[in-house]
Amino acid sequence: MVELTVGYVAGIIAAGVFLARIWAPNTITFIVSALLQDTASASTWTVAARALYKSHWPDILQSDAVLHRGVRKDVLFLTKLIGLSGLLIAVAGVVTPLGLYETLVPDKNVETPFKYLSDSSSWGYGTPPRSNFTFNRVCLQDLGILVAPYLPCPWTHTIATIIDPGNDSIVQYEYPYGYERGIPNGLIDVYSSGSAQPTTVSNFFDIQWRRYLTRSKEFFNNGTDYLVGSYRSIQTLIMNDNLETVEGLVVNAKTGGIGFRNHTVPPGFRHGVTWEEDLLFVEPETVCVDTNLTIDFTVSAINESTIRDVVLTDRGGFVNINKTYPRLWFPDTQKDPELYNRAYKAAWLQNVYTMLWFNITNPYIEETDTHAFSYLKSEINKTFPLTMNSKYSTSGFDALTLSDEFGGYLDSTSSGGGTAINSSDPITDVNPFFISRSNFTTISSFDFANSSNIVNTCGLMAGVPQRVSPGSSLVFDKGSVWTQKLFTCSSAVKANIKTVSFNYNGTDNSLKDLHVTSIKEKEYKDESSMPLWGIENTGNKFRIGGINLIWGLLSSAYENKPNISTFRQPELYLPGFIDPDGLGSNLGFDTQNLPASHFVSEALVHSYCVGSSDSKLSLTSTCSDANGDQDYSGASSMAMWVRWQNLTKSADTAALIPNLIWTDWAASAVVGTKGVLGPGNTAQSNVMALPLTPTRLRIRFHYMYGIPAMLAGLLLAIISLGAMVTTCFRGVGIRRMKLHMRHISPGRIYTTFLFPGPGGLTMGTREWGSTLGRNQIVLSGDFPQAGSATNIEMPEKRNVNVYTHSVDGSTEAEVLMAGQRHYHGRDDSQGDIGAGYGLSPPAPYHNQYSGVPSQPSSPSPTSGYKRGI
């Protein structure tokens, strides 16, 4: 269906007006013709003739006015041109408006004050007001135990006394004045210095928990209340695949990442306004590697709940294994976190331990000095049966599983001599080398807390099953064959500055009218223009699991200062720690208020805890309740299930899944508090000048629709030029036009011959209408006849020398009345009144140029008829 635009509507209206202008005059003329009788005054016939010949009835009825024969060619051409030009102008009047359309175009840049814009969605009313409590943290001796002793945090005034050096490196402290949780103002000043100048970029202490709680404990801050973080999911954005604005954040639900902004907008722009801001973003980065192993099964029951023939298939992960142990080297994790090498090593270890489980190959055996991989019993597409704890249920296989635990598809109840058999050698039991869960756990929490130990996690992803047999990929029908790809993934988190383009149409004064049109990397001229990032340097006094390090943007004054690790680069990989034995570290978000440091690792933990509690692909059920009521596996959402199915077709696209889950969880965890009006939007005016580009409504035209109008304009120019040339070189003008109109007026012609009198063709319109024009003319026969005459007193003498003289000294009236042939410059004056057609002037006018003769004594209808034309 064609969309009606303003131009189309204007064209339709013009067409309607055009038709109305044709229909109305012609219909009225038809009525006039019906009302005319055979006898009417000369003036009536003149007026009626004007109406009839202005209409289209002469063309419709092919009357005398459309004759071709006997008409001067120049007159015929010009009269036809009148109709053609009218038609062209009418077409232009209809077609030209069709080219009109309205469009929104950018206008000149302006500056205007911003105002806070509240979020009326669930994100707005699910976010409590900001608290006045300050930031706080605790520090621990992280030794891998469940409850670690406290340590004074850097630069605090906490006094600790060692009372027992203890054993196994556990030191006992006594705190005579309690434990101070607050962050020293000096640290806040340092790690806020990079955004102290007018800027829209947030910093570490501009990030707050979205939801929070207050607690108190006598040991902390002399028993006063302190704030800790809390989490509750607000709304999932993971399926939006869009750039979203929610209370306190810009959410990249396309590729992952959140930008921190307390939303403010410029009001008063009816058609919208666009601008750009630099914002602090924190975003995950993930690399996945295909293990070249798949889990395959067949649905055996019509209720889609039972499967059979569950096997692990070698797609090259066993038979083509690299027999060289992959060693990792991290020269500079801030330059390159080596995520691919981390994921590759995880895949290599995953596959090797699985091979040992199934006795596909052997490890190095010291007693016999047998080298690893001395045999390899596999080939492409070879299958190895899997034994599951919950027998043959589809649950756990029909959705995504992502866990930081490897080898979950193996029989975790067996520590050796498993119950399944190696299909390559049915006599040999699996797991002759006693591979257990501890072999798949390679992460340690005992590294020192510094900028080199970035937050990182690795995990095993079992993709959503892909249908192998013919049929719908959305239906688990009886007998269908399915395959699940296995990937190992490695993720880190980084902070950077991005340039965000906004568009705001403030018709509803709501956050839903604020749109993010693009997010792009900020461009820098050179290295000196790049941001300076800083991370706390504790001098290796704390383990990575015992402290949440502060990071942020610094001013140049702190570059290369002690106790600060600085990096001048576009992005900063954030430090942190993930405990392999639990969710997060001992420093959970509900123990302190340092959200910018802690939400990063917590979101990663939840990103790698995806799958139902009865999943067969996890060694434990640690992840079953990690995300509360939010299910990221697709088991309870068909739309998510389909999206994950598409993304897990390859390792490159599968890497997007942890990023999106991280983003979705983090969006409900934290908010940004800084906007154009400064931290907390407390400033009375913009903290920095932002050029705005208003959008204005403009009328534009498609030039193709202007062709008829241009042709009409060209024709009008030619006609106007012809009129000017005629006026200049032929000596004609308005007076001549008036004379011609009198001469061809039907009423004057009738009265001239039927009621001869002075000035019948030359007297003024009003004078003629009040005298000769009142005479009745009968047109009932083949010839016009004089009807009743009106008694008129005619002037004794009429001076006809009142018009402009011609070149030979005679008046125009004299020349026309005498039928002078030289007036047209030729002998044959076709179409003119005069001797060209052999008509002699009437007797009363014969050779009488200087005056008007007296009328006949008694004109009669009979005598008038004899002198008729």
Side-chain angles (χ1 to χ4, degrees), residues 2-36 45-101 699-730 732-734 736-738 740-746 830-832:
V2 178
E3 181 180 358
L4 289 179
T5 64
V6 173
Y8 285 179
V9 173
I12 293 172
I13 294 174
V17 172
F18 170 70
L19 294 176
R21 292 184 62 183
I22 293 177
W23 177 260
N26 286 279
T27 303
I28 295 174
T29 303
F30 179 81
I31 297 173
V32 169
S33 175
L35 295 177
L36 279 176
W45 290 118
T46 298
V47 174
R50 176 175 178 267
L52 287 170
Y53 282 97
K54 280 184 61 179
S55 70
H56 290 82
W57 289 111
D59 298 292
I60 297 173
L61 302 178
Q62 292 293 296
S63 66
D64 297 346
V66 298
L67 290 176
H68 292 187
R69 295 182 180 181
V71 183
R72 280 175 43 184
K73 293 182 179 180
D74 53 352
V75 174
L76 179 63
F77 170 75
L78 291 176
T79 54
K80 294 297 182 183
L81 186 61
I82 294 173
L84 291 175
S85 62
L87 178 62
L88 180 59
I89 293 172
V91 171
V94 174
V95 175
T96 303
L98 299 179
L100 295 174
Y101 65 96
I699 297 177
R700 294 290 185 263
F701 185 74
H702 293 297
Y703 292 105
M704 179 183 66
Y705 293 94
I707 294 176
M710 289 185 284
L711 293 177
L714 178 62
L715 179 60
L716 290 176
I718 294 173
I719 294 173
S720 300
L721 180 62
M724 294 174 61
V725 171
T726 303
T727 301
C728 295
F729 295 96
R730 298 295 297 271
V732 296
I734 299 300
R736 183 176 178 82
M737 177 68 72
K738 291 174 65 176
H740 280 158
M741 290 196 304
R742 291 171 183 173
H743 290 171
I744 64 175
S745 170
Q830 295 182 2
D832 287 340

For residues N26 and W57, report the shortest heavy-atom separation together with the two atoms involved. O-NE1, 2.8 Å
So does F30 have more than 12 non-hydrogen atoms from other groups sitting under 6.0 Å from CZ? no
Nearest 0.5 angstrom please: L100 CG to F701 CZ, how far? 6.0 Å
Distance (rounded to the nearest 0.5 Å) between R72 CZ and L78 CG: 9.5 Å
I699, CD1: over 12 other non-hydrogen atoms inside 6.0 angstrom: no
For the atom pair CG (L721) and CG (L716), what is the distance rounded to the nearest 0.5 Å? 12.5 Å
What one should report as the nearest heavy-atom pair of T96 and A709 is OG1-CB, 3.3 Å
Please determine which of I28, T29, I60 meets the side-chain contact (heavy atoms from CB on, under 4.5 Å) test together with S55. T29
Are the side chains of K80 and L76 in contact, using a 4.5 Å heavy-atom criterion? yes
For the backbone of M741 and the side chain of S745, can you confirm whether one donor and one acceptor N or O come within less than 3.5 Å of each other? no
Nearest 0.5 Å, what's the CD1-OG1 distance between I22 and T27? 11.0 Å
Between A92 and A712, which heavy-atom pair has the shortest distance, and what is it? CB-CB, 4.5 Å
Parallel under 30°, tilted from 30 to 60°, perpendicular over 60°: which one fits the rings of H702 and Y101? parallel
Which value, rounded to the nearest 0.5 Å, describes the distance between L711 atom CG and I89 atom CD1? 11.5 Å
Does some side-chain heavy atom of L81 sit less than 4.5 Å from a side-chain heavy atom of L715? yes
Which distance, rounded to the nearest 0.5 Å, do you find between the CG of L87 and the CD1 of I82? 14.0 Å
Looking only at heavy atoms, what is the nearest atom pair of P746 and A49, with distance? CG-CB, 3.5 Å
